[in-house]
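Here's the structure we're looking at; comments come further down.
Treat the numbers as computed from the prediction; the structure is a model and nothing was measured. Below, chain A is the first sequence line, B the second, and so on; all start at residue 1.
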2 protein chains.
Amino acid sequence: MAIIRNTIAKKTVFEIIQLNKTAMSQTEIFAMVNNICDRVTVYRILERLVKEMKIHKIVNVNGVINYAPCNSCEHEQHLHHDHLHFSCTTCKKLTCIADNHIELNIPSNYQVAEVFLTVSGICPNCLIIP
Amino acid sequence: MAIIRNTIAKKTVFEIIQLNKTAMSQTEIFAMVNNICDRVTVYRILERLVKEMKIHKIVNVNGVINYAPCNSCEHEQHLHHDHLHFSCTTCKKLTCIADNHIELNIPSNYQVAEVFLTVSGICPNCLIIP
DNA sequence: TTATAAACGCAACAATGTTGCATAATTGTA
DNA sequence: TACAATTATGCAACATTGTTGCGTTTATAA
């Protein structure tokens, strides 16, 4: 069994993700850690936090991987069945929107693991500015 | 108004996408055009085909952008409301699965443009092999 | 306090996507 | 059919994102 260590860098990264309202990319997170560690370390910390199920990985509509805390989704298997991600095309921010249970209609010969539901558009913040 | 040209490279790329059963990445498409053109040209052709609404862009769960023909989704706005993408974690292939109308529950201050519904798991082909 | 395995930094690499610019090719029109 | 206009291409160079190997540092259990 691997021993999990709680390093300063790891704590800092996790705090940043938790405090932020929108999901963040590695680039954004690294910009906020203030050179407390190397950018490779950020990648490795994110990888570990995902494995420990403290954060989850969401792909933005442009292909950039984002990370968000696993607050409301503590169920095993890490399924996102009632979870929706809004991807703003203006500010590029990815926001979690809960309470979206959906019914799928997938042939039984497919083995489903995770459900990713992402909606693109313009978020309230960006709609204000004309 | 821009004049749309139908070049050999563009026709070839479009044919490849149409004939393939699964969505394809730029890398896969470029591998199939047999050096008929540069890889940058493939990127630009894909960009144009998306703008002309002949193909659409789907992000795989690993962040790689894939392209699929717009066969069954001819409605304006390019919305994918009744369209689902299955992303196989084994063979990495992205398959379109139709007939999946979903109801969303998004606050009215969000302006929705497109809906991306992607399910990861194991596809029938990969399930056969034990 | 120390041994040990986890975590890190650095350098180098790999994959994917973008941009600028000179050249080639397609298409409407004369 | 030839020409002009402008779209499309090739090439080189760059940017971003993510990965790997390896020697060194550090957190934690004992």
How many Å lie between NZ on B:Lys10 and P on C:dT26, as a whole number?
13 Å
What integer distance in Å separates B:Tyr67:OH from C:dT16:P?
12 Å
Shorter than 3.5 Å, N or O on both sides, protein versus nucleotides 27-30 of chain C: list them out with atom names.
{"unit_1": "C:dT27", "atom_1": "OP1", "unit_2": "B:Asn6", "atom_2": "N", "d": "3.4"}

Without swapping roles, check the side chain of A:Asn60 against the backbone of A:Ile58 for a donor-acceptor pair under 3.5 Å.
no
Using the salt bridge (Lys or Arg N to Asp or Glu O under 4.0 Å) criterion, which residues pair with A:Lys10? Sequence neighbours excluded.
A:Glu52
Rounded off to whole Å, could you give me the CG-to-C1' distance for the A:Asn66 and D:dT16 pair?
14 Å
Between P on D:dT25 and CD1 on A:Ile8, what's the gap in Å once rounded to a whole number?
16 Å
Who pairs with B:Ile65 by side chain to side chain contact (heavy atoms under 4.5 Å, CB included), at least two apart in sequence or on another chain?
B:Lys57, B:Val59, B:Tyr67
Write down the atom of A:Asp38, the atom of A:Val40, and the distance for their closest heavy-atom approach.
OD2-N, 3.0 Å
End-to-end bend of the helix from C:dT1-D:dA30 to C:dA30-D:dT1 (five-pair axes, 10° rounding)?
30°
Salt bridge (charged side-chain N to carboxylate O under 4.0 Å, His left out): which pairs involve residues 11-24 of chain B, sequence neighbours left out?
none
For A:Thr22, which residues count as a side chain to side chain contact (heavy atoms under 4.5 Å, CB included) partner, sequence neighbours excluded?
A:Asn20, A:Lys93, A:Thr95
Nucleic acid contacts of residues 39-48 of chain B, taken as heavy-atom distances under 4.0 Å to DNA chain C:
B:Arg39, B:Val40, B:Tyr43, B:Arg44
Using the side-chain hydrogen bond (donor to acceptor under 3.5 Å, both in side chains) rule, collect all pairs that involve residues 28-37 of chain A, keeping only residues at least two apart or in two chains.
A:Ser25-A:Glu28
Taking CG from A:Asn60 and P from D:dT16, how many angstroms apart are they, rounded to a whole number?
17 Å
Tell me every residue that passes ring pair (Phe, Tyr, Trp, His ring centres under 6.0 Å) with A:Phe30, counting only those two or more places apart in sequence or in another chain.
none
Who pairs with B:Tyr110 by ring pair (Phe, Tyr, Trp, His ring centres under 6.0 Å), at least two apart in sequence or on another chain?
A:Phe86
So B:Thr27, base contact, sugar-phosphate only, or nothing? Heavy-atom distance under 4.0 Å.
sugar-phosphate
Check the distance between C:dG9's C1' and A:Asn35's CG and give it to me in whole angstrom.
12 Å
For the pair made of NZ in B:Lys11 and C1' in D:dA8, what is the distance, rounded to whole Å?
14 Å
Whole-Å gap separating P (C:dC8) and CG (A:Asp38):
10 Å
Listed by chain and number, what are the side chain to side chain contact (heavy atoms under 4.5 Å, CB included) partners of A:Cys96, not counting sequence neighbours?
A:Ala68, A:His83, A:His85
Partners of B:Cys37 by side chain to side chain contact (heavy atoms under 4.5 Å, CB included), sequence neighbours excluded?
B:Ala9, B:Thr41, B:Val42
